[in-house]
Each structure stands twice: as C-alpha cells, then as structure tokens.
Protein chains: 2
Amino acid sequence: MPQSKVDDNQLLDKLTDVFRLHGYEGASLSTLSEATGLQRASLYHRFPGGKEEMAQAVLSRADDWFVSHVLAPLSEAGEPAKRVKQMAQRLDKFYNSGKFSCLLDSLSLSDTTNAIQQHVERSFTAWLEAMTGVASEAGASTAVARRRAADALVQIQGSLVFSRVTGDGRPFKRVLTSLPELLTGNDE
Amino acid sequence: MPQSKVDDNQLLDKLTDVFRLHGYEGASLSTLSEATGLQRASLYHRFPGGKEEMAQAVLSRADDWFVSHVLAPLSEAGEPAKRVKQMAQRLDKFYNSGKFSCLLDSLSLSDTTNAIQQHVERSFTAWLEAMTGVASEAGASTAVARRRAADALVQIQGSLVFSRVTGDGRPFKRVLTSLPELLTGNDE
DNA sequence: GTCTATAGCTTGATAGAC
DNA sequence: GTCTATCAAGCTATAGAC
C-alpha cells in the first residue's frame, strides 16, 4: 500500500507519452515532471539513474506489454494467417490507429546513449523474429520468412512515420489489413 | 570572393549531417559548431535566427536538391516506369544506400517549432504529389494514384527507419527495386 | 566574417526538510 | 515518497574586438 501520488503503471504511462512524442533529448526533466505531476527530485527517487533509467524503464515495460499483448497471438495455435490477423488487431490498439508514434523510432536517433540504442535494436529484432517465426510456419523458407518479416516491419514503421507527418492514418490501416497476406502468403 | 572559412554549400552540408543524425533538440550549438569548424557566434552571423533558421535553411536546401536532382526524372519524357526507375537510382545516392536517415523523419518529432513541422509536412506532401503524378500518367485513377504514392512513401520511410535501427540496408534496396511496379503497375 | 568572452536561462542531478 | 532549494554544467544567444 504505497503512499505514492502515482503508481508505477500510471507513472510509466506518462513518461512513455513524453518520450514517444519528443524523443530522448526533447524529453526534458521539466517536461517529464509536468507530465507526471511529480517534481524532479521525486522522479530521481523512483529512477536513481535519472533520465536514462526512465527511458530504459519505459522501453522495458513497452517490451513486456508488446510481447504479451501484441505478439502473443503469433505463438498460439491456429492458422498462421489468422494469428497475424490477431496481431494486426492488437497493433491497431497499441498504436491508437496510427496516431501514436513508435517508441523505437522516437528513441533511435543518435541523441541517445549507447545502452538505449542497443535496447531499441534488441526490441526491434525480437519483433522481427516473432514475425519470421509465423512466416516460417506458414511454409516459407528461412530466407523468405526473414524477408517477409522485414518487409512487414518496414511497412508498419513507414506508415507510422507517414501518419505522424501528415496526420493521415489510412496507410497504417491499409498496412494492417495486408499483413496476413504479406507474412503468410495467404489471405486468411 | 568571400573571406569565408566555409562556403554556404559546405556549411549546409555539415549542418544537414548533424540534424539528420541527432534531430532538432539533439543538435546543439556546440555540436553544430564542432561539425562546421565555425564558432557559435560565426554561425549566428550566417544565421541570425539561430538554430531554427539553420534547420529551416537545411530543409530548404534539401528541398531544392531533392526536387531538382531526385524528383526531376518524374516530370521528364518517357515511360512512367522508366522515370520511376530513374528516381529510384537518385534516391539510392541521396540516402547513401539507406545509410542516411531522412531529414523529414529526424525533424518530425514534437521537439521542433511549429514552423519546422509545417515545413516538413510541405516537403513530404510535395514528394507525395510528384509520385502521385507519375502514377496517374501510368494510367491509375486519382484515388489509386494517391494510394500508390502513399504506399511508396511508406515503404521508403520505413526501410530507412529499419536501416537506421538494424544497420541492414537490404530492405531499402528492395524497396527501390520494387518502386516502378508499385507506382505504375508495370515492371519497366 | 570570424573570433573571444560573456550574459541569462535551462538542463540534469543532488541535499536535506517534512 | 514528495517536496523546496540548490548546484554545476550545458544550452541559446549577444556584444564587441580584430
């Protein structure tokens, strides 16, 4: 029963918003403090490592959530194409129909620390491998499965950039719809 | 015959590198000074508006270069698919085979000014319209042409993000190869 | 046109009261 | 666990000599 003003989940939600929106350098302690309602010193009490630890915590929690809520359907039973369709539905929620940028994009500029860049790359690769797996199960050779997974990730990331710049989320929706065929070679 | 240490083109080259790599907030005056070999005060002499004017100048010159060197083939004579192939070759040089990030991505986070965000959106839209034009000439309806252009831009931007995060430039190369068919519905 | 020097503010981070 | 107060270092920007 903590005497916290905000519990860890609420706190990380707010921090995530700021990093997603402003990137690493753009997310100042003032901004983070204002968004969370906690003073700078209180943030340091929760995250002794300061801003970098906040970013790492945000990334870690996003990883966990992503694996258990978005990628989970990929390793369940059933038709590969149906599993991908499930993932696409989760992606639509996760990225709020394209209105949310991807943390991995926002935190991948060279204004971050090496540790964060490596974290981003690992998360990216994990996603890639999960999609490679389902493409393989759908009958693709290893090489083809890898290529399909990369193409899928390219289209997801690209449509999120498109949406951020233009405000038009239709390409993101289109990408989600095409994912099952793109990954498995099968419409359903 | 200027007594400048660096001419405008060299100067903007260096500034461009920094903004592309570090984003807006990540590009500090110290970094920009170091990259260009000019002291802070000298940069202010060239760009009285400071950092924002530098970013605007970088964007404007990138626009000019992009229109005249990359998009130019799209409005020349010849088969639409061949013109797209030309653009793809120029893109490969412009983005150094995917090793360069896109300025429009790097400068599109919310750590920039409104003016810069609007500039980025205009540049993005101009590119979109140029590709919409060639898709139309290839016989697509307005709606289809717009969709194809958006999909092309999605794949280009996505493959550049992919390349930045993983260091693997193959998806970018693949996207360039597929552009003629993607935009015109024709392999060549 | 470039420089050194500096102003004034914001940054990330810490100390210590409650 | 949160706060106020503070620090040194960084930031953007300016003044003025050469």
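Note on naming: letters A, B, ... go to the chains in the order of the sequence lines (proteins, then strands), and numbering restarts at 1 for each one.
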side-chain contact (heavy atoms from CB on, under 4.5 Å) partners for B:Tyr44, two or more places apart:
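Per chain and number, B:Tyr44 pairs via side-chain contact (heavy atoms from CB on, under 4.5 Å) with B:Leu29.
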
With the threshold set at under 4.0 Å for non-hydrogen atoms, list the residues of residues 21-36 of chain B touching DNA chain C in residue-number order.
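Within this stretch, nothing sits under 4.0 Å of the strand.
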
I need the residues from residues 40-57 of chain B with at least one non-hydrogen atom less than 4.0 Å from DNA chain C; give them sorted by number, or say none.
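Hits under 4.0 Å, by residue number: B:Ala41, B:Ser42, B:His45, B:Arg46.
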
Check the surroundings of atom CZ in A:Arg146: do more than 12 heavy atoms from other residues, nucleotides or ligands lie under 6.0 Å from it?
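Incorrect, the count does not exceed 12.
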
How about CD on A:Gln89, more than 12 heavy atoms from neighbouring residues, nucleotides or ligands closer than 6.0 Å, or not?
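Enclosed: over 12 neighbouring heavy atoms sit under 6.0 Å from CD of A:Gln89.
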
Rounded off to whole Å, could you give me the [atom1]-to-[atom2] distance for the [X] and [N] pair?
X	N	atom1	atom2	answer
B:Gln39	C:dC3	CD	P	5 Å
A:Asp111	C:dG12	CG	P	12 Å
B:Leu11	C:dG1	CG	P	11 Å

Any salt bridge between [X] and [Y], counting N to O under 4.0 Å?
X	Y	value
A:Asp64	A:Arg61	no
A:Arg122	A:Asp63	no
A:Arg20	A:Asp17	yes

Hey, which of B:Val120, B:Asp105, B:Thr125 is the one that makes side-chain contact (heavy atoms from CB on, under 4.5 Å) with A:Val165?
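So the option named by the test is B:Val120.
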
A:Ser75 and A:Arg83: side chain donor to acceptor below 3.5 Å:
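No, A:Arg83 and A:Ser75 have no side-chain donor paired with an acceptor closer than 3.5 Å.
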
